[in-house]
Amino acid sequence: MACGSISDRSFTARWVFPVSGPPLHGGCVTVQGDRIVAVEPHPRADAVDLGDVAILPGLVNAHTHLEFSHYERPLGHAGMSLPDWIRGVVASRRMSTNYPVASIALGVTESWQSGTTTLGEIATAGWTETALAAAPFDVIAFYELLGLRAERVVERLEDAEQFVARARDASRWQGGISPHAPYSVHPELVVGLIRLATANQMPVAMHLAESREELELLSSGSGPFRAMLEELGAWDPAAIPPGTRPLAFLQLLVEAPRSLVIHGNYLEPDELEFLAINSERTSVVYCPRTHAYFEHDRYPLARLLALGASVALGTDSRASNPDLSILAEMRFVARKFPTIAPAEVLRLGTLAGAKALGCHADAGTLDVGKLANLTMVAIPAGETGDPHELLWASGLPVVETYHRGTLVRGGSL
């Protein structure tokens, strides 16, 4: 990876978006070492003028699976059921016996090229820190565990303990725990993993309320998910008590130091309210274009925000999304939810994501003392009533990404 230090340098552009405050026309950001030392409404005399560019905080992708980054198009077809899609994922994984380091490398490159400086990655079985240790952004690696059958609980907890031990010694990444989903993890395992995460002050991420088929399985133990699990030899009829709801898992997740509810597409009103009440430590991660790919019911984004819930954005993976760009996700949200304030859309892809991952003290806004994570986005000529519209109304790209005061110019793992 070739990089360039920007120690003690000032940048000005047509617009600077601190996120923590209003946009600054012709604003200026000054960096010293790996930190921001000034954010001002007017340029310094020696500032580098970037022209028709918006300076944003580094973008935050709160949820992704980089192992699928070799896909040129999403797996399957739009509108397919989640169980059928999972069958395709399982078949794809079985075609390779090696951990997909090359695919992750592709995802790493695509991520920083699209402006990501902080990323929440799901690390599956066989994960090795070398896959992400050289990534030019900050990584929170959530170790994913599966095991619905009761006899696998002890073994999976031992796996998680080994990962936690590795994470303690890591310098280039932070660890997290991910009990995959209610249909794939025994409730006793969920409880054990949350206890382990709490003892080690790690965040927890869990896919929850992702599809109607999941709700059917939880409620009655029947439906397409049960058929799929039986095919895989992974079904345990005693694991899920009849009448179970996502709320039962939310009540477990809030015990973690920080928890991420991945997707949350089909949460009931009382579950949305529960998330709002617990918004300081629990965030929902909405993956907009993956949600659209499966043609789910309209996402309750406006309701979540109105209640005061914490909502971040993720790309999920190229197995269900055309790319790994959080900028593209924000533009999709701006089009899909025109009543949501444009400034709020930017917050979803920056500060809200940093909060979800527990790194908002250092990332997510352009503020003095925070890391010099900067994303520069080209913007069209002309002005609008709200300058955020310059970001959302065009398809112009990220032109530069800075991570901890370093310009990322290119790279491979």
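Basis for what follows: all heavy atoms, side chains included, without hydrogens, waters or symmetry-related copies.
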Side chain to side chain donor-acceptor pair (under 3.5 Å): pairs with one or both residues in residues 347-357, sequence neighbours excluded: E344-R347
Can you confirm whether more than 12 heavy atoms, excluding those of Q174, are under 6.0 Å from its CD atom? no
Answer whether the closest heavy-atom distance between the side chains of I36 and D367 falls below 4.5 Å. no
Decide yes or no for E214 and H207: does some side-chain heavy atom of the first lie under 4.5 Å from some side-chain heavy atom of the second? no
Within residues 153-179 or reaching into it, pairs that qualify as ring pair (Phe, Tyr, Trp, His ring centres under 6.0 Å) - sequence neighbours excluded: W127-F163, W127-W173, Y143-F163, F163-W173
Please table the atom pairs, donor to acceptor, closer than 3.5 Å between any side-chain atom in residues 236-247 and protein atoms at least two apart or in another chain.
from	atom 1	to	atom 2	distance (Å)
D236	OD1	A238	N	3.0
D236	OD2	A150	N	3.2
T244	OG1	P241	O	2.5
R245	NH1	D270	OD2	3.1
R245	NH2	D270	OD1	2.8
R245	NH2	D270	OD2	3.3
R245	NH2	E271	OE2	3.3

Between H186 and E188, is there a donor-acceptor pair closer than 3.5 Å when you use the side chain of the first and the backbone of the second? yes
Pairwise distance NE2(H63) to CD1(I140) - rounded to 0.5 angstrom: 13.5 Å
To the nearest 0.5 Å, what is the distance between OG1 (T406) and NE2 (H403)? 8.5 Å
Kindly indicate, with the supporting measurements, whether the criterion side-chain hydrogen bond (donor to acceptor under 3.5 Å, both in side chains) is fulfilled by N321 and T315. CA-CA 7 Å; N321 200 338; T315 61; 5.1 Å; no
Indicate the atoms forming the closest heavy-atom contact of L324 with S69, along with that distance. CD1-OG, 3.7 Å
CA sep, side-chain torsions, deciding dist, call: S211, F294, side-chain contact (heavy atoms from CB on, under 4.5 Å): CA-CA 9 Å; S211 68; F294 288 106; over 6 Å; no
Could you give the distance from CZ (F142) to CD1 (I122), rounded to the nearest 0.5 Å? 6.5 Å
If a pair satisfies ring pair (Phe, Tyr, Trp, His ring centres under 6.0 Å) and one of its residues is in residues 223-255, list it, with sequence neighbours excluded. Y183-F225
Atom of V399, atom of A378 and distance for their closest heavy-atom approach: CG1-CB, 4.0 Å
Mind checking what makes side-chain hydrogen bond (donor to acceptor under 3.5 Å, both in side chains) contact with E216, not counting sequence neighbours? none
Tell me, do V333 and Y286 make a side-chain contact under 4.5 Å, heavy atoms counted? yes
Does E213 form a side-chain contact (heavy atoms from CB on, under 4.5 Å) with M228? I'd like the steps, not just the answer. CA-CA 11 Å; E213 293 92 343; M228 182 203 70; over 6 Å; no
What's the verdict on side-chain hydrogen bond (donor to acceptor under 3.5 Å, both in side chains) for S325 and D323, showing C-alpha distance, side-chain angles and the deciding distance? CA-CA 6 Å; S325 169; D323 57 54; 4.6 Å; no
Parallel, tilted or perpendicular, as decided by the 30° and 60° cut-offs, for the rings of H296 and H291: tilted
Give, for atom CG of L357 and atom CG of L119, the distance between the pair rounded to the nearest 0.5 Å. 8.0 Å
Please tell me if the side chains of L145 and V185 come closer than 4.5 Å, counting only heavy atoms from C-beta onward. no
Criterion side-chain hydrogen bond (donor to acceptor under 3.5 Å, both in side chains) on S320 and T290, from CA distance to verdict: CA-CA 5 Å; S320 58; T290 286; 2.9 Å; yes
Is there side-chain contact between M330 and L348, with at least one heavy-atom pair below 4.5 Å? no
In Å and rounded to the nearest 0.5 Å, what is the CZ to OG distance from R226 to S220? 9.0 Å
Using modelled atom types and a 3.5 Å cut-off, is there a donor and acceptor pairing between side-chain atoms of Y293 and backbone atoms of H77? yes
Can you name the nearest heavy-atom pair linking L327 to L396, along with the distance? CD2-O, 4.0 Å
Residue pair V108 / P136, side-chain heavy-atom distance below 4.5 Å: yes
For S92, which residues count as a side-chain hydrogen bond (donor to acceptor under 3.5 Å, both in side chains) partner, sequence neighbours excluded? Y71
Residue among L407, L366, L56 satisfying side-chain contact (heavy atoms from CB on, under 4.5 Å) with L374: L366
According to ring pair (Phe, Tyr, Trp, His ring centres under 6.0 Å), who are the partners of F274, at least two apart in sequence or on a separate chain? none
List the steps, then state whether side-chain contact (heavy atoms from CB on, under 4.5 Å) holds for L232 with R87. CA-CA 9 Å; L232 297 174; R87 286 185 177 93; over 6 Å; no
side-chain hydrogen bond (donor to acceptor under 3.5 Å, both in side chains) partners of N373, counting only residues at least two apart: none
Check: R331 and S394 side chains under 4.5 Å, non-hydrogen atoms: yes
Any ring pair (Phe, Tyr, Trp, His ring centres under 6.0 Å) involving residues 336-394? Give me the pairs, sequence neighbours left out, ordered by first then second residue. F17-H388
May I ask you to test the L390-V377 pair for a side-chain heavy-atom distance under 4.5 Å? no
If only atom types and distance count, is the side chain of T64 paired as donor or acceptor with the main-chain N or O of D316 below 3.5 Å? yes
Pair listing, ring pair (Phe, Tyr, Trp, His ring centres under 6.0 Å) test, anchored in residues 306-334, at least two apart: none
Sub-3.5 Å donor-acceptor pair from the side chain of E295 to the main-chain atoms of A292, do we have one? no
Before giving the answer on side-chain hydrogen bond (donor to acceptor under 3.5 Å, both in side chains), spell out for T124 and E67 the whole-Å C-alpha distance, their side-chain angles and the decisive distance to 0.1 Å. CA-CA 9 Å; T124 54; E67 67 174 293; 3.3 Å; yes
Could you give the distance from CG (L146) to NE2 (H180), rounded to the nearest 0.5 Å? 5.5 Å
Return the set of residues passing side-chain hydrogen bond (donor to acceptor under 3.5 Å, both in side chains) with R404 (not counting sequence neighbours), or none when no residue passes. D138
V190/M206 under side-chain contact (heavy atoms from CB on, under 4.5 Å): CA gap, chis, key distance, verdict: CA-CA 9 Å; V190 176; M206 187 174 191; 4.0 Å; yes
Contacts satisfying side chain to side chain donor-acceptor pair (under 3.5 Å) that involve residues 276-285 (not counting sequence neighbours) are S259-T282, S283-S310
